[in-house]
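One structure is given here, and the rest of the page talks about it.
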Amino acid sequence: MRSARGPFFVFGVRGKNSVPYTLMSTKDGIFPDGFLWGAATSAHQVEGGQRNDWSEWEASPSRLADLEKRGLLRKFGKDNFISGDACDHFRRYADDFQLAKDLGHNATRFSLEWSRIEPTEGAFDESMIRHYHDVARTIRSLGMEPFVTLWHWTNPLWFRDRGGWLNSRAPEWFARYVERIIAALGDGVRFWITLNEPEIVVASHLVGRFPPQQRNLFSYLRVIRNLINAHRRAYHVIKKRNPLAQIGIAHNVIDFEAAGINPLNHALKRVADWWANDYFFDRIRNEQDFLGCNYYFHNRIHWGFNKNENRVRSDMGWELRPDGLEGVLLRLKKFRRPVYITENGIADAEDRLRPQVLIESLSAVHRALMQGTDVRGYLHWSLLDNFEWDSGFWPRFGLLEVDRTTLKRTPRRSAYLFRDLILENGISHGMPNAYKNPI
Ligand code: FCB
């Protein structure tokens, strides 16, 4: 195994929109041939015009009353909490992906909105299937590799009304939807993400924060079981149609740390790693071609509580520990699958911290690579400022800033930095020639 940290090479970066930076890396600072670089979005957060369980929940009297009670309606305004037109990406997707291309990306992750495709049970809207077919084709024609997410948290209303993921038939319904999709898009898409962060149902079924706001341990466990089955069924549906398809989930993987030498903290860290990080990957061990890793969180466990040092935080108060990505990736080695970072990013409206976080995150990825984790791509969250679920529009995660009044997109300096990092650190697809400044 090569040393993780040396010898160092320092890459400088040119370009008038670049920020000064150095990416310290090893002699093999170049990322592997074919490494995929890009950004990720999800339908509900960017498309606009949704009619699903989330959009109904956002505008429901009980939700608005709760926001009012917590003083949030006064603070941010009602529009902040209603996804509404979002970024109008449903209509502007071609321009958005062109911008991504101009910013050096060679991959893009986006999600399909199940509620558009199957608005009533068993009745598929062919025009919507065509729409997503066109989206995937547009991405490919720009020379980018599409990563298609089949479920990114939102559900059709009929599905919700039948109990949603609690219903034991949910995996069957999901597989039926996937079957239709794969028949239409299957040949043009190699990378499939069945489920985004399935463990998030802890927020919707155990702690009651996301819709349907339940608090029930048994429901929670049942939903997890149904999601595992849904993934497995979808996996086989896709493989049957296209044996070469690469299929996985995007899992929120956390960097757990035990505070001090207290054995209890170390035991709790092991439990946390097992349940929060490994469980889902383990259960689908035989039905996954790659591991999708979303990385945002470091948790320092102290007597069962999070005792983070919180030296640097994002606008949302999330502690920033980009170096934690290295350990997270090293732990994934044991699953013996290629790894794609399917999300990683920060809420930073002023783009003050993002440049450094981006550099440090990619350095961490590179160190993990040098120590043998087979990382094959990095997709930043997010391409666009978007609707951050129950927090609404105020958190700004985009490489592209979106003006909330005009919806105009403007690349942040991080977008140029990312472009320069991509160009300097190894795209061997003729990308440098294709490169042009979008402004
Ligand atoms: C992830 C979600 C994504 C976005 C980021 C900030 O957990 O998958 O949709 O909200 O967090």
Side-chain angles (χ1 to χ4, degrees), residues 38-48 50 52-55 57-58 80-81 83 86-87 89 108-115 147-155 191-207 209-211 227 231 248-255 276-277 280-281 291-299 313-322 324-325 328 340-349 351 353-354 357-358 361 378-402 412 414:
T41 57
S42 91
H44 187 75
Q45 296 178 273
V46 294
E47 282 186 346
Q50 304 297 358
N52 57 33
D53 59 342
W54 267 84
S55 65
W57 177 75
E58 286 153 26
N80 177 69
F81 296 102
S83 53
C87 310
H89 177 74
T108 275
R109 175 181 171 211
F110 71 101
S111 81
L112 308 185
E113 180 59 35
W114 184 5
S115 62
F147 278 69
V148 179
T149 312
L150 290 157
W151 180 80
H152 199 124
W153 299 2
T154 49
N155 300 303
F191 290 98
W192 294 94
I193 293 169
T194 55
L195 306 171
N196 179 71
E197 297 188 358
E199 77 293 336
I200 196 64
V201 294
V202 71
S204 33
H205 288 273
L206 193 63
V207 298
R209 188 176 139 192
F210 288 177
L227 284 164
H231 168 84
I249 60 164
H251 190 8
N252 181 26
V253 189
I254 298 170
D255 178 35
N277 288 339
F280 215 99
F281 279 148
L291 307 173
C293 168
N294 293 359
Y295 176 70
Y296 295 98
F297 299 112
H298 162 87
N299 283 353
R313 297 209 227 183
S314 76
D315 291 350
M316 290 184 82
W318 299 359
E319 186 193 37
L320 299 175
R321 286 293 298 270
L325 187 50
V328 157
Y340 293 88
I341 289 139
T342 36
E343 286 182 31
N344 172 237
I346 72 167
D348 182 17
D351 208 34
L353 301 169
R354 191 179 288 103
V357 167
L358 197 49
S361 302
Y378 173 91
L379 301 165
H380 190 77
W381 185 270
S382 178
L383 180 62
L384 302 163
D385 286 341
N386 60 48
F387 183 74
E388 176 51 26
W389 306 110
D390 63 336
S391 300
F393 285 109
W394 74 261
R396 302 300 192 111
F397 277 91
L399 290 172
L400 301 175
E401 182 179 358
V402 177
R412 293 198 160 93
S414 291

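What's counted below: heavy atoms across the whole structure, side chains too, no hydrogens, waters or symmetry copies. Note that ligands are numbered from 1 as they come in the structure, with each ligand's atoms numbered from 1 the same way. Quick caveat: nothing in here was measured; it's all calculated off a predicted structure.
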Top protein contact for [atom], by heavy-atom distance:
atom                    : value
atom 5 (C) of ligand 1  : Y296 OH, 3.3 Å
atom 7 (O) of ligand 1  : E197 OE1, 2.7 Å
atom 10 (O) of ligand 1 : E388 OE1, 2.6 Å
atom 3 (C) of ligand 1  : E343 OE1, 3.3 Å

(message) Show the atoms of ligand 1 that are less than 4.0 angstrom away from any heavy atom in F397.
(response) 6 (C)
(message) With heavy-atom distances below 4.0 Å as the criterion, list the atoms of ligand 1 near Q45.
(response)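 That gives atoms 3 (C), 4 (C), 9 (O), 10 (O) of ligand 1.
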(message) E343 and side-chain hydrogen bond (donor to acceptor under 3.5 Å, both in side chains): which single residue from Y378, Y295, Y296 fits?
(response) Y296
(message) Heavy-atom pairs closer than 4.0 Å: do any link ligand 1 to the side chain of I200, the backbone, both, or neither?
(response)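 Neither; nothing of I200 gets under 4.0 Å from ligand 1.
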(message) Is a donor from one side chain sitting under 3.5 angstrom from an acceptor on the other, for N344 and S361?
(response) yes
(request) Step by step, work out the side chain to side chain contact (heavy atoms under 4.5 Å, CB included) result for V402 and F393. (result) CA-CA 10 Å; V402 177; F393 285 109; over 6 Å; no
(request) For the pair R209 and D390, find out whether any cationic side-chain nitrogen is under 4.0 Å from an anionic carboxylate oxygen. (result)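 Looking at R209 and D390, the cut-off is met.
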(message) In terms of relative ring orientation, are Y340 and F191 parallel, tilted or perpendicular, with 30° and 60° separating the classes?
(response) perpendicular
(request) Look at the rings of W54 and H44 and say which category their plane angle falls in: under 30° parallel, 30 to 60° tilted, over 60° perpendicular. (result) tilted
Looking only at N/O atoms, are [X] and ligand 1 under 3.5 Å apart anywhere?
X    : result
W318 : no
N196 : yes
S42  : no

(message) Let's go through N386 and W381 carefully: what are the C-alpha distance in whole Å and the side-chain angles of both, what is the deciding distance for side chain to side chain contact (heavy atoms under 4.5 Å, CB included) to 0.1 Å, and is it a yes or a no?
(response) CA-CA 10 Å; N386 60 48; W381 185 270; 3.6 Å; yes
